[in-house]
Structure formats: C-alpha cells, structure tokens
Amino acid sequence: VTRPTRRFGALLGLVALTSAGCLPTPATDEGRATADLYRVFFAGGVIVAGIVWVLATVAMLRFRRRDDRLPDQVHGNQRLELVWTAVPLLTVLVLFALTYVTLQTVDATSPQPGVRIHVTAFRWQWQFDYTDDGVSIVGLPGTQPEMVVPVGEPIHITLDAADVIHAFSVPQFLFKRDAIPGHTNTFDFLVNTPGTYPGYCAEFCGVQHAQMLFNVRGVSPADYDQWLATQRAASPSAAASP
Ligand SMILES: [Cu+2]
C-alpha cells in the first residue's frame with residue numbers, strides 16, 4: 001500500500017468515524033434497522049465520492065493543457081457509456097431494495113403488542129393513555145411527561161393530535177412521525193436497551209412548541225408492572241375500570 005493510498009484510507013476512516021458519531025445510538029430494534037441502512041448509504045456515498053474525486057483529479061492533472069495542439073477528437077465510447085449508466089442504476093436499485101426492506105421492519109406492527117398506548121399531542125404537551133390498563137399520563141406545561149414501557153416487548157402506539165399538526169420524535173429511536181388532527185397514525189417500537197430517551201415535538205406548532213418535551217423510559221417488565229400498579233393506585237378512577 002502506497003503512502004497516498006494509506007493517507008486517503010485514514011481520511012475516509014476519520015470521515016466515517018466523525019459522521020458515525022453524529023448518529024444517536026439506536027435504542028430500539030427499528031432504530032437499529034434504520035442505523036444499519038444509514039451506514040450502507042454512507043459507505044456508498046463515501047465510495048462514490050472517492051471515485052469522483054480521484055477521477056476528477058486524474059483528469060485535471062493528466063489532461064491539463066501543455067501546448068496549443070488540439071487533443072484527439074473522439075466520438076463517444078459505447079462500453080464506457082454502458083458502464084456509467086449501469087453502475088449508478090444498479091446502485092440506486094440496490095439502495096431502493098434495502099430501503100424497502102428496512103421500511104417493512106420499521107412499519108411492521110405486532111398482532112399482539114406488549115403494551116398499547118394512545119398518544120395525543122396538543123398545544124403544548126403530550127398525553128399518554130395506556131388504553132388496556134386505564135392509566136393516563138398528561139403532561140402539564142413546563143413538565144416533561146414520561147412514557148414508561150417494558151423493554152423487549154413491542155409497544156403499539158396510536159398517534160393523534162387534538163388541535164394542530166405536531167410530530168412525535170425520539171432521536172435515539174431514529175424515528176419521527178406526524179401527529180395529525182383527524183388522522184390516526186399507528187406504529188410499533190421495541191426498546192431493546194433500558195434507559196431514558198428524550199423526545200420532543202418536531203413540528204412547529206405555536207409559541208410553546210419548544211416546551212413539548214417528553215421522555216420514554218424503558219424498564220424491565222417487572223419494573224414496568226410495578227410502575228403500572230403505582231400509577232393505578234394513584235388514580236382511583238383508573239383502578240375502578242381496569
Ligand atoms: Cu407540537
């Protein structure tokens with residue numbers, strides 16, 4: 001390996017490392033699928049950029065004007081044209097197929113989710129209704145409501161908005177979905193790592209938009225059951241209608 005090649009490799013590695021650092025560590029299975037896809041796209045982008053830079057540099061240095069002689073006049077090159085049409089086409093088709101497969105993973109819903117939560121976005125907070133358990137978490141202005149979920153179980157979300165369009169976004173899930181009045185969006189996620197993951201409204205919705213913060217906390221199923229029991233005990237109406 002020559003020195004320039006080694007240096008170029010090191011540069012590519014550095015670029016890959018810095019941009020990989022920009023991506024939040026995915027906390028859900030769906031987020032992991034998205035991150036894997038992103039890595040493929042990024043590697044593809046780096047390879048294409050490398051080819052373009054190298055070819056452009058070679059063309060500039062090797063074919064720069066040296067005298068007043070007219071260069072060889074040529075008309076086309078069928079083989080070359082076929083290659084530069086087929087390779088990008090194939091690349092795009094492969095990326096399209098991979099995206100399609102990933103989309104199926106991200107959009108898949110489980111027939112038997114562990115928990116069902118109805119999320120309502122409103123100006124300017126969030127409400128989490130645990131429909132099967134009669135527990136309701138309502139965010140007050142200036143607070144950050146917490147959506148507690150068990151890890152390792154599919155969570156089914158139905159997402160609504162009460163007034164204007166909001167968006168449910170959790171960076172570490174690598175996921176964002178609009179909350180639209182009169183249109184219920186549904187999605188599943190499976191948190192695979194216990195922890196607290198900050199979320200926010202990602203659609204400008206008025207003066208207090210920036211206050212629409214919440215957390216998703218993934219806990220063990222045992223801790224989740226305990227949390228649920230505490231919530232029910234705290235809310236007598238919920239306990240009466242399980
Ligand atoms: Cu909002």
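Ile157 and Ile180 end up in different hydrophobic clusters when Ile, Leu, Val, Met, Phe, Trp and Tyr side chains are linked at under 4.5 Å. A single hydrophobic cluster is seen to contain both Phe128 and Met212, as judged by linkage of ILVMFWY side chains at heavy-atom distances under 4.5 Å, directly or through other members. Note on Val191: it clusters hydrophobically with Leu228, by side-chain heavy-atom contacts below 4.5 Å among ILVMFWY residues. Tyr200 and Val216 are members of different hydrophobic clusters when ILVMFWY side chains are connected at heavy-atom separations under 4.5 Å. Taken together through direct or relayed side-chain contacts under 4.5 Å among Ile, Leu, Val, Met, Phe, Trp and Tyr, Val219 and Ile137 form part of one hydrophobic cluster.
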*Does the side chain to side chain contact (heavy atoms under 4.5 Å, CB included) test come out yes or no for Tyr197 and Asn215, once each step is laid out?*
CA-CA 5 Å; Tyr197 306 107; Asn215 286 311; over 6 Å; no
*asked:* As a quick check of understanding, evaluate side chain to side chain contact (heavy atoms under 4.5 Å, CB included) for Asp188 and Ile155, giving each step before the final call.
replied: CA-CA 5 Å; Asp188 277 21; Ile155 311 299; over 6 Å; no
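Around CG of Asp72, the count of heavy atoms belonging to other residues, nucleotides or ligands within 6.0 Å does not exceed 12. Under a cut-off of 6.0 angstrom, the local environment of CD in Gln208 is crowded, with over 12 non-hydrogen atoms contributed by other residues, nucleotides or ligands. The number of heavy atoms from other shown groups lying within 6.0 Å of CD (Gln104) is above 12. The 12-atom threshold is not exceeded at CD of Gln78, counting heavy atoms of other residues, nucleotides or ligands nearer than 6.0 Å.
For the atom pair NE2 of His156 and CZ of Phe187, the computed distance is 9.5 Å after rounding to the nearest 0.5 Å. Between atom CD1 of residue Ile47 and atom CZ of residue Phe42 there is a gap of 11.0 Å, rounded to the nearest 0.5 Å. The line from CG of Asp36 to OG1 of Thr105 is 10.0 Å long, rounded to the nearest 0.5 Å. Here OG1 of Thr184 is found 8.5 Å from CG of Leu159. Values are rounded to the nearest 0.5 Å. The SG atom of Cys201 sits 11.5 Å away from atom CZ of Phe122, with the distance rounded to the nearest 0.5 Å. Atoms CG and OG1, from Leu80 and Thr85 in turn, are 9.5 Å apart once rounded to the nearest 0.5 Å.
Contact of the Val115 side chain with the Val149 side chain is not registered, since no non-hydrogen atoms from C-beta on lie closer than 4.5 Å. Glu30 has its side chain within reach of Phe189: a pair of non-hydrogen atoms, C-beta onward, lies under 4.5 Å apart. Side-chain contact between Arg123 and His166: present, with at least one pair of heavy atoms (C-beta onward) separated by less than 4.5 Å. In this structure, the side chains of Ile165 and Pro181 come closer than 4.5 Å at one or more pairs of heavy atoms. Side-chain contact between Asp129 and Ile117 is absent, with no heavy atoms from C-beta onward closer than 4.5 Å. Residues Arg64 and Arg66 have side chains in contact (heavy-atom distance under 4.5 Å, counting atoms from C-beta outward). The shortest side-chain heavy-atom distance between Thr28 and Leu190 does not fall under the 4.5 Å cut-off. Side-chain contact between Thr193 and Pro26: absent, with no pair of heavy atoms (C-beta onward) separated by less than 4.5 Å.
Taking the six-membered ring for Trp and the full ring otherwise, Trp227 and Tyr130 have centroids separated by under 6.0 Å.
Closest approach of Arg232 and Val135 over heavy atoms only: CG-CG2, 3.8 Å. Residues Asp29 and Asn192 share a closest heavy-atom pair of OD1-ND2, 2.8 Å. Of all heavy-atom pairs spanning Arg116 and Asp132, the tightest one is NE-OD2, 3.2 Å. The two residues Trp126 and Ala121 come nearest to each other via the heavy atoms CZ3-CB, 3.6 Å. Closest approach of Val151 and Ser220 over heavy atoms only: CG2-CA, 4.2 Å. For the residue pair Val83 and Pro88, the shortest heavy atom distance occurs at O-CD, 4.0 Å.
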Mind listing the side-chain donor-acceptor pairs of residues 168-179 below 3.5 Å, one per line with the distance, residues two or more places apart or on another chain?
from: Gln172; atom 1: NE2; to: Thr25; atom 2: O; distance (Å): 2.9
from: Arg177; atom 1: NH2; to: Asp107; atom 2: OD1; distance (Å): 3.4

Would you mind writing out the side-chain donor-acceptor pairs for residues 89-103 within the sub-3.5 Å range, not counting sequence neighbours?
from: Thr91; atom 1: OG1; to: Val87; atom 2: O; distance (Å): 2.6
from: Thr99; atom 1: OG1; to: Leu95; atom 2: O; distance (Å): 2.6
from: Thr102; atom 1: OG1; to: Leu98; atom 2: O; distance (Å): 2.8

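Between the side chain of Gln231 and the main chain of Ser136, no donor-acceptor pair closer than 3.5 Å is present. For the pair Gln125 (side chain) and Thr143 (backbone), a donor-acceptor distance under 3.5 Å is present.
With no hydrogens or angles considered, no side-chain donor-acceptor pair links Thr131 and His118 at under 3.5 Å. There is no side-chain donor-acceptor pair under 3.5 Å between Asp160 and Thr120.
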